[in-house]
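Below, each value reflects all heavy atoms present in this structure, side chains not excepted, and no hydrogens, waters or symmetry copies.
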Amino acid sequence: MIEIQCTQCKTFIARYTGSGELDLMFLDSVIKPNSLADLKSSSKADLPNLVCNECGRKLGKPTADETGRLAYKMIKSSFRKKGIIKAMTTSPHTSWR
Ligand SMILES: [Zn+2]
């Protein structure tokens, strides 16, 4: 799972299931915010550009893959990714064996 932030003002943009290169951000893999996840049921022509709510920086352009899944084509320099590690890591002081 990753979080996407605006590079310019560090505003939270989205939480997304996936990892690695974020070239296309598929809307059906967006967890938060709902305003963004809900766009998956609209049509490509109705999709607005993905912009930062705070500073208005453009982060992505609407697109779709060959099966019609809606996505944003992300503009590489406009956002930062932050990996989220689930809180499942064991304490280094705990030993079971
Ligand atoms: Zn911003």
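Side-chain contact between C52 and C9 is present, with at least one heavy-atom pair separated by less than 4.5 Å. Inter-residue side-chain proximity for Y72 and L47 is flagged as met; some heavy-atom pair is nearer than 4.5 Å. Under the 4.5 Å side-chain criterion, counting only non-hydrogen atoms from C-beta, I4 is not in contact with F12. Between V51 and L59 the shortest side-chain heavy-atom distance does not fall below 4.5 Å. Residues E21 and K76 are in side-chain contact: their nearest non-hydrogen atoms beyond the backbone lie under 4.5 Å apart. Side chains of L50 and M25 form a contact here, defined as non-hydrogen atoms less than 4.5 Å apart. Side-chain atoms of K82 and I2, non-hydrogen and from C-beta on, never get closer than 4.5 Å to each other. At least one side-chain heavy atom of L70 sits under 4.5 Å from a side-chain heavy atom of K44.
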Verdict with reasoning, C55 to C6, per side-chain contact (heavy atoms from CB on, under 4.5 Å): CA-CA 9 Å; C55 68; C6 174; 3.6 Å; yes
Residue pair F79, Q5: steps toward the side-chain contact (heavy atoms from CB on, under 4.5 Å) verdict: CA-CA 5 Å; F79 67 94; Q5 287 180 336; over 6 Å; no
Worked verdict on V30 versus R15 for side-chain contact (heavy atoms from CB on, under 4.5 Å): CA-CA 6 Å; V30 172; R15 185 173 286 191; over 6 Å; no
Residue pair S77, Q8: steps toward the side-chain contact (heavy atoms from CB on, under 4.5 Å) verdict: CA-CA 10 Å; S77 56; Q8 193 158 278; over 6 Å; no
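Taken to the nearest 0.5 Å, the CD1 atom of I31 stands 11.5 Å off from the CG atom of L36. The CD1 atom of I13 sits 13.5 Å away from the NZ atom of K32 when rounded to the nearest 0.5 Å. Note that the CG atom of L27 and the NZ atom of K40 stand 8.0 Å from one another [nearest 0.5 Å]. Going from atom CZ of R80 over to atom CD of E3 covers 11.0 Å, rounded to the nearest 0.5 Å. Between the NZ atom of K58 and the CG atom of N49 there is a distance of 4.5 Å, given to the nearest 0.5 Å.
Side-chain atoms of T17 never come within 3.5 Å of backbone atoms of M1 as a donor-acceptor pair (strictly under, hydrogens ignored). In this structure, Y16 contributes its side chain and L22 its backbone to no donor-acceptor pair below 3.5 Å.
The two residues G60 and I75 have their closest heavy-atom pair at N-CD1, 4.0 Å. Minimum heavy-atom separation, L39 to S42: O-OG, 2.5 Å.
With sequence neighbours left out, the side-chain hydrogen bond (donor to acceptor under 3.5 Å, both in side chains) criterion links D23 to K73.
No more than 12 heavy atoms of other residues, nucleotides or ligands shown are found within 6.0 angstrom of CG on N53.
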